[in-house]
Amino acid sequence: MEIQKPRGTRDFLPQEMARRRYVENRMRGVAERWGYGEIKTPTFEHIELFTLKSGEAILSEIYNFRDKGDREIALRPELTAPVVRMYVEELQRTAKPLKFYYFDNCFRYERPQKGRFREFFQFGVEIIGSAKAEAEAEVIALAVEMLEMAGIRGDLHVGHLGIVRALLKDLQPEHRSKIMRLVDKKDDKGLEEFLDEINAQDEMKGKLFRLIGLHGDNAVHEARELIGDIEAMSQFEALLSLLDVYGLEYTVDLGIARGLDYYTGMVFEIYCEGLGAQNQVCGGGSYGLSALFGGEDTPSTGYAIGFDRVMEICEAKPEASKRIVVISFEDTRKEAIAIANKLREHVSTYIDVMGRKFKDQISYANTIGASHVVIVGKNELDAGKVALKDMRTGEQELLTVEEAVGRLKGIKRY
RNA sequence: GCCUGGGUGGGGUAGCUGGUUAUCCUAUGGGACUGUGGAUCCUACGACUCGGGUUCGAAUCCCGACCCGGGCCCCA
């Protein structure tokens, strides 16, 4: 019986890895230019980290196990919780704001689908220590630019939980959470039923439905009329005006909600075409998690990009690197290896390891798409030179190794 | 966890109203052409996802598992 990879995991071959690294590096470049520093956290954590954040319900979708020391361990299903844990554990007394980015694999026990795997990759950033609209706007702008660098233009939707929450402030906390979940699901019918069930006032009901239905240019003004002059409203307006400064296009959507209480205000999502049911490539918002993990309250904001979904739709193609193949004969193998080693200081160089004959070596060079071939034969060596052959034109010339290196270094990639 | 479509060599396929040795293309290894590539020829390798059942006989029909795709649920 042949062993297969576990369900929902993937192998990446060199061609695909080249694409992934290319996009990854472009995203890294953006993060670095914006002054964010890379961090790395463990692949596994104590399971409480994730149940504290998301509740016991996530256990069914988590890879967990008991280790030999009888600790309950989980493979990380996301990276925000580990980052905040790291902050609480060792960085609370450092200058704010802290700006981090990460790119790593995460694990969730879910049914695989298009754009959904059991091992998947997230590229994310967190900015820790600021509750200001400036931080929120920066994070959103950074997300958009990162996606643009990957060649992706999505639909940006921005909302603010504080506005809907203010409307619900007199309700019991459990009722509020339940309502936020229903809003997030866009389950209007369920929402209506639940509101009836708890005997919500008609006035509030009406306002709630109007709020979450607001979209587009006038959404903010209408929201202000509905809800009045509250702090969340002002901050949201401040945020939107900053998004204008960044030149971003966005849709106001107060229907973006989160059932979980640690979200503090701004939330945003970016959607793309071509992904089927998993059309969200990026999600983020402002949150307060550190108190939950035993630290001081620290406002933060961040996002995570679904890297695999980005790769699914992006057309970015790295330039193919040039490849050189050194070709030799039975009586010049050793000299050829030495020459190949010199070429390797400057260009990607192959040499036969199959004991192939001359003609088959050229044939192999052809099938792997070598741009040039360096022929090391007795005739050439006697003249102190090698033959450099351009595989595209077929032209060939006698050069010293140094001359050949110079020639190859000057060649543009293609 | 639910609904739905599908699994034939490494890749792509024919066969699938049961009946010889499972078809073809491609890729790969070796060889021929004995220091100049994509060709040609020879040769090798290599599959019915797995397990039950029906049958004289199953790639083909039935059931289950596994895997892949699409949609739900979830989306921290």
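All chains are named by letter (A, B, ...) in the order of the sequence lines, taking the proteins before the strands, and each is independently numbered beginning at 1.
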**Q.** ring pair (Phe, Tyr, Trp, His ring centres under 6.0 Å) contacts in which one or both residues fall within residues 85-113 of chain A, not counting sequence neighbours
**A.** A/Y63-A/Y109, A/Y101-A/F123, A/F103-A/F121, A/F103-A/F123, A/F103-A/F307

Q | Ring centre gap for A/Y271 and A/H157 strictly below 6.0 Å | A | yes

Q: Give the rounded distance in Å between these two atoms: CG of A/L13 and P of B/U28.
A: 15 Å

(Q) Using the side-chain hydrogen bond (donor to acceptor under 3.5 Å, both in side chains) criterion, which residues pair with A/R111? Sequence neighbours excluded. (A) none

Q: Could you let me know what B/G1 is paired to, Watson-Crick or G-U wobble, both distances under 3.5 Å, or none if it's on its own?
A: B/C72

Q: Would you state whether a donor and an acceptor, one from the side chain of A/Q361 and one from the base of B/U36, lie under 3.5 Å apart?
A: no

Q) Listed by chain and number, what are the side-chain contact (heavy atoms from CB on, under 4.5 Å) partners of A/I73, not counting sequence neighbours? A) A/F44, A/H46, A/F65, A/D67, A/R71

Q) If we take the P atom in both B/U17 and B/C75, what is their distance in whole Å? A) 45 Å

(Q) How would you summarise protein contacts on nucleotides 70-76 of chain B per nucleotide, using B for base, S for sugar-phosphate only and - for none, with heavy-atom distances below 4.0 Å? (A) BBBBBBB

(Q) So, using side-chain hydrogen bond (donor to acceptor under 3.5 Å, both in side chains) as the criterion, who are the partners of A/R26 when residues are at least two apart? (A) A/Y22

(Q) Side chains of A/N105 and A/R76 only: does a donor on one sit below 3.5 Å from an acceptor on the other? (A) yes

Q) Given atom CG of A/D331 and atom P of B/U34, what is their separation to the nearest angstrom? A) 17 Å

Q: Could you note down all residue pairs passing salt bridge (charged side-chain N to carboxylate O under 4.0 Å, His left out) where residues 345-366 of chain A supplies at least one of them, sequence neighbours left out?
A: A/R333-A/D352

Q) Would you say the side-chain atoms of A/Y287 and A/E126 include a donor-acceptor pair closer than 3.5 Å? A) yes

(Q) Under 4.0 Å, counting only non-hydrogen atoms across every strand here, what does A/G55 touch: a base, just sugar-phosphate, or nothing? (A) nothing

Q: With a 4.0 Å heavy-atom cut-off, tell me which residues in residues 378-387 of chain A come close to RNA chain B, sorted by residue number.
A: A/K378, A/N379, A/E380

Q: Taking atom P in both B/U4 and B/C62, compute the distance separating them and give it to the nearest angstrom.
A: 15 Å

Q: Using whole Å, report how far CZ of A/F358 lies from P of B/G35.
A: 8 Å

Q. Salt bridge (charged side-chain N to carboxylate O under 4.0 Å, His left out) with A/D308: which residues, sequence neighbours excluded?
A. A/R10, A/R20

Q.
By the 4.0 Å heavy-atom rule, please label A/I375 as base, sugar-phosphate, or nothing.
A. base

Pairwise N/O distances under 3.5 Å, protein to nucleotides 30-32 of chain B:
residue, atom, partner, partner atom, Å
B/A32, OP1, A/K357, NZ, 3.2
B/A32, OP2, A/K357, NZ, 2.9

Q: For A/K53, enumerate each residue passing the salt bridge (charged side-chain N to carboxylate O under 4.0 Å, His left out) test, keeping only those at least two apart in sequence or located in another chain.
A: A/E78

Q | A/I324 CD1 - B/G37 C1' separation (whole Å) | A | 15 Å

Q) Expressed in whole Å, how much space separates the C1' atoms belonging to B/G64 and B/U21? A) 32 Å

Q. Quantified in whole Å, what is the C1' atom distance between nucleotide B/G7 and nucleotide B/U13?
A. 14 Å

Q: Using salt bridge (charged side-chain N to carboxylate O under 4.0 Å, His left out) as the criterion, list what pairs up with A/E38, not counting sequence neighbours.
A: A/R28

Q: For B/A58 versus B/C50, give the span between their C1' atoms, rounded off to a whole number of Å.
A: 15 Å

Q | Distance in angstrom units between A/D352 CG and B/G29 C1', rounded | A | 14 Å

Q: For nucleotides B/A14 and B/U55, find the distance between their C1' atoms and express it as a whole number of Å.
A: 25 Å

Q.
What is the distance, to the nearest angstrom, from the CZ atom on A/R7 to the P atom on B/U49?
A. 18 Å

Q) Does the B/U36 base have a donor-acceptor partner in the side chain of A/K359 within less than 3.5 Å? A) no

Q | Any strand: nucleotide that pairs with B/U55 via Watson-Crick or wobble, under 3.5 Å | A | none

**Q.** Atom-to-atom span, CG of A/D11 to P of B/C68 - whole angstrom
**A.** 12 Å

Q. Taking CE from A/M391 and P from B/G38, how many angstroms apart are they, rounded to a whole number?
A. 9 Å

Q.
For A/R33, is there an ion pair with A/E145 - N to carboxylate O distance below 4.0 angstrom?
A. yes

Q. Does A/E312 have any salt bridge (charged side-chain N to carboxylate O under 4.0 Å, His left out) partners at least two apart in sequence or in another chain, and if so, which?
A. A/K114

